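Working notes for the structure below.
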Amino acid sequence: MLDIRRIREEYDTVKTAVESRGKGDYGLAEALALDEKRRGIIANAEQKKSRQNAVSKEIPQIKKTGGDSVAIMAEMKALSEQIKEDDAQLAEIEEKLKDALLGIPNTPDASVPVGADDSENVEQRRFGEPTAFDFEPKPHWELGTELDIFDFERAVKISGTRFTVSKGFGARLERSVTNFMLDLHTGEHGYKEILPPFMVNRASMTGTGQLPKFEEDMYHVTQQDFFLVPTAEVPLTNLFMDEILDAKDLPVYVTAYTPCFRKEAGSAGRDTRGLIRVHQFNKVELVKFSKPEESWEELESLTVAAEEVLKRIGLPYRVVALSTGDLGFSSAKTYDIEVWMPSYGRYVEISSCSNFTDYQARRAGIRFRREPGAKPEFVHTLNGSGLAVGRTVAAIIENFQQADGSVAVPEVLRPYVGTDVIR
RNA sequence: GGAGAAGUAGCGAAGUGGUCGGAACGCGGCGCACUCGAAAUGCGUUUACGGGGUGACUCGUACGUGGGUUCGAAUCCCACCUUCUCCGCCA
């Protein structure tokens with residue numbers, strides 16, 4: 001969430017930034033009004049409390065010396081009731097203020113292109129050229145079914161639409177890609193591998209910004225109020241919830257493979273075939289905790305680390321900077337990496353790399369101390385897919401398909417897959 | 001799932017209705033003294049959040065969490081969370 005003091009002191013700047021997302025002020029004006037009300041109540045209540053504390057210290061003396069405590073007790077009783085009323089009123093205002101703040105998105109960085117939607121995203125760079133074929137290429141769902149490595153019909157039978165079953169080399173390829181990504185990031189990019197829970201509590205989902213606004217997108221285990229993780233970002237970022245880190249340990253780099261669970265509500269009819277948009281998919285996630293002054297540099301290197309996966313596999317891609325209208329709720333700046341997907345005839349999102357600045361850190365209470373005795377400051381959090389595994393598999397199958405319907409295994413993956421060609 | 005015990009500063013731990021909350025005591029950390037240096041020893045110091053103030057500073061809040069009783073709660077009552085021990089179940 002945004003710092004209420006920043007909203008108070010730089011209201012116009014914050015308002016302009018938030019409104020650049022193109023969907024109003026998200027209750028910013030309301031938050032400011034609530035804050036003013038809140039401070040008025042605090043000033044009043046604390047004066048009364050100060051008096052109450054002072055008198056409470058005197059009462060034992062009065063009693064000991066046999067003085068008359070009846071009048072003062074009556075006064076204190078009345079004061080105590082007033083304080084209770086003030087506190088109740090304050091709690092109510094603070095609850096409202098907190099709700100208001102949780103509903104306000106992060107302020108886009110000044111470098112983010114202003115635009116209404118994804119059509120105004122700005123391409124940053126490309127790697128490779130869209131794959132050229134001297135035959136008619138097939139989409140991965142057709143190839144995969146013919147090769148008997150995907151089984152969409154049985155997935156529907158055992159679970160429903162938007163679920164997948166991989167078999168044989170299909171399952172092996174998925175596992176290989178996952179391992180390749182984890183090995184690259186842990187071995188060469190300095191990330192520590194984490195295996196987190198796949199279900200998290202409400203506090204974690206609130207810390208990273210999925211709750212309270214986006215509850216309808218999540219799978220909720222109502223029996224125990226758990227949520228299935230929509231991304232490993234949630235458990236990874238909340239590793240340090242309510243902790244104060246040591247500056248000498250920053251930056252912290254962590255990575256994890258998890259399945260990701262999403263309802264995909266509102267995308268009915270979109271990408272209904274294949275591995276592109278499903279309720280459960282695998283992803284390797286990269287998360288960083290950094291000092292504020294280093295986070296922009298860290299965003300660039302995180303994006304480069306994610307790109308490296310595609311470079312080594314040999315898949316054509318491009319990087320785009322999201323415009324303000326397409327930017328995620330908690331993000332101050334996001335680069336999407338898009339891989340070339342022949343069946344779509346365009347680039348498709350395969351990674352989203354964001355700097356959340358102190359927005360998530362403030363919600364989740366993740367701080368650091370520059371030196372012993374210094375005031376704790378909020379860290380900056382960043383994350384990016386490194387990469388979405390299912391979409392990577394789909395891209396490999398489509399871009400590496402051969403005229404005879406077989407799929408060449410990219411060289412870096414051969415030691416993992418154990419074959420040169422899937423046929 | 002059942003029974004019992006416990007949650008107080010970085011760690012251990014005292015406090016069972018008021019002068020006990022930055023909080024006894026011990027350990028650790030930091031500073032100073034002693035030392036060529038270190039150890040040992042001695043002295044001092046050591047939380048976070050919010051309000052007000054340019055500031056020195058000041059007021060408030062916090063004893064797992066949330067309620068309640070009381071003029072006053074770490075202390076009494078209720079609910080929940082977590083940890084430990086035993087039993088049950090289980091990969």
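The chains referred to below are lettered A, B, ... by the order of the sequence lines, with proteins before strands, and numbering in each begins at 1. Because the structure is a prediction, the values reported are computed rather than measured.
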How is [X] classified with respect to the nucleic acid when contacts are heavy atoms under 4.0 Å: base, sugar-phosphate, or nothing?
{"X": "A:Q52", "value": "sugar-phosphate"}
{"X": "A:K48", "value": "nothing"}
{"X": "A:S56", "value": "base"}
{"X": "A:R8", "value": "sugar-phosphate"}
{"X": "A:K77", "value": "sugar-phosphate"}
{"X": "A:I42", "value": "sugar-phosphate"}

- prompt: Where is the tightest heavy-atom contact between A:S111 and A:K333, given as atom of each residue plus distance?
  reply: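 Between these two residues, the closest heavy atoms are OG-NZ, 2.8 Å.
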
message: Give me the atom names and distance for the closest heavy-atom approach of A:T303 to A:C353.
response: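 Smallest interatomic distance, heavy atoms only, reads OG1-CB, 3.5 Å.
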
For [N] versus [M], give the span between their [atom1] atoms, rounded off to a whole number of Å.
{"N": "B:rA62", "M": "B:rA73", "atom1": "C1'", "result": "14 Å"}
{"N": "B:rU54", "M": "B:rA39", "atom1": "P", "result": "46 Å"}
{"N": "B:rC89", "M": "B:rG1", "atom1": "P", "result": "15 Å"}
{"N": "B:rG72", "M": "B:rG88", "atom1": "C1'", "result": "47 Å"}
{"N": "B:rC86", "M": "B:rA13", "atom1": "C1'", "result": "26 Å"}
{"N": "B:rA9", "M": "B:rG22", "atom1": "P", "result": "15 Å"}
{"N": "B:rC27", "M": "B:rG42", "atom1": "P", "result": "9 Å"}
{"N": "B:rG12", "M": "B:rG55", "atom1": "P", "result": "38 Å"}

Mind calculating the distance between [atom1] ([X]) and [atom2] ([N]) to the nearest angstrom?
{"X": "A:Q47", "N": "B:rU58", "atom1": "CD", "atom2": "P", "answer": "17 Å"}
{"X": "A:Q89", "N": "B:rG51", "atom1": "CD", "atom2": "P", "answer": "17 Å"}
{"X": "A:F368", "N": "B:rA48", "atom1": "CZ", "atom2": "C1'", "answer": "16 Å"}
{"X": "A:M76", "N": "B:rG17", "atom1": "CE", "atom2": "C1'", "answer": "18 Å"}

- prompt: When you match A:I59 and A:D35 each to their closest nucleotide on RNA chain B, which lands nearer the 5' end?
  reply: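 That would be A:D35.
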
query: Mapping A:R5 and A:K84 to their closest nucleotides on RNA chain B, which lands nearer the 5' end?
result: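 That would be A:R5.
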
With a 4.0 Å limit, can you tell me whether [X] has a side-chain N or O closer than that to the phosphate oxygens OP1/OP2 of [N]?
{"X": "A:R39", "N": "B:rG52", "value": "yes"}
{"X": "A:S80", "N": "B:rU70", "value": "no"}
{"X": "A:K375", "N": "B:rC49", "value": "yes"}
{"X": "A:R369", "N": "B:rU46", "value": "no"}
{"X": "A:R367", "N": "B:rA48", "value": "no"}

field: Of A:K263, A:R270, A:E264, the residue whose pairing with A:S267 passes side chain to side chain donor-acceptor pair (under 3.5 Å)
entry: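 That would be A:E264.
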
Could you check whether [Y] and [X], counting side-chain N and O atoms only, form a donor-acceptor pair closer than 3.5 Å?
{"X": "A:T237", "Y": "A:E233", "answer": "no"}
{"X": "A:N106", "Y": "A:T357", "answer": "yes"}
{"X": "A:S343", "Y": "A:E398", "answer": "yes"}

Picking from [options], which would you name as closest to the side chain of [X]?
{"X": "A:S50", "options": "B:rG60, B:rA48, B:rC71", "answer": "B:rG60"}
{"X": "A:K49", "options": "B:rG60, B:rU70, B:rG50", "answer": "B:rG60"}
{"X": "A:N53", "options": "B:rG51, B:rG60, B:rC71", "answer": "B:rG60"}
{"X": "A:P376", "options": "B:rG50, B:rC49, B:rC71", "answer": "B:rC49"}

For [N], give the paired nucleotide (Watson-Crick: N1-N3 plus N6-O4 or O6-N4; G-U: N1-O2 and O6-N3; both under 3.5 Å), or none.
{"N": "B:rC11", "result": "B:rG26"}
{"N": "B:rA91", "result": "none"}
{"N": "B:rG17", "result": "none"}
{"N": "B:rC32", "result": "B:rG42"}
{"N": "B:rA6", "result": "B:rU82"}

message: Let's go through A:R38 and A:D35 carefully: what are the C-alpha distance in whole Å and the side-chain angles of both, what is the deciding distance for salt bridge (charged side-chain N to carboxylate O under 4.0 Å, His left out) to 0.1 Å, and is it a yes or a no?
response: CA-CA 5 Å; A:R38 164 179 160 269; A:D35 177 55; 2.8 Å; yes

message: Is it the case that over 12 heavy atoms from other parts of the model lie below 6.0 angstrom from the CD atom of A:Q47?
response: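 For A:Q47, atom CD is not crowded (no more than 12 foreign heavy atoms under 6.0 Å).
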
message: Between B:rG50 and A:E46, counting only base atoms on the nucleotide and side-chain atoms on the residue, is there a donor-acceptor pair under 3.5 Å?
response: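 Looking at the base of B:rG50, it does pair with a donor or acceptor on the side chain of A:E46 (distance under 3.5 Å).
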
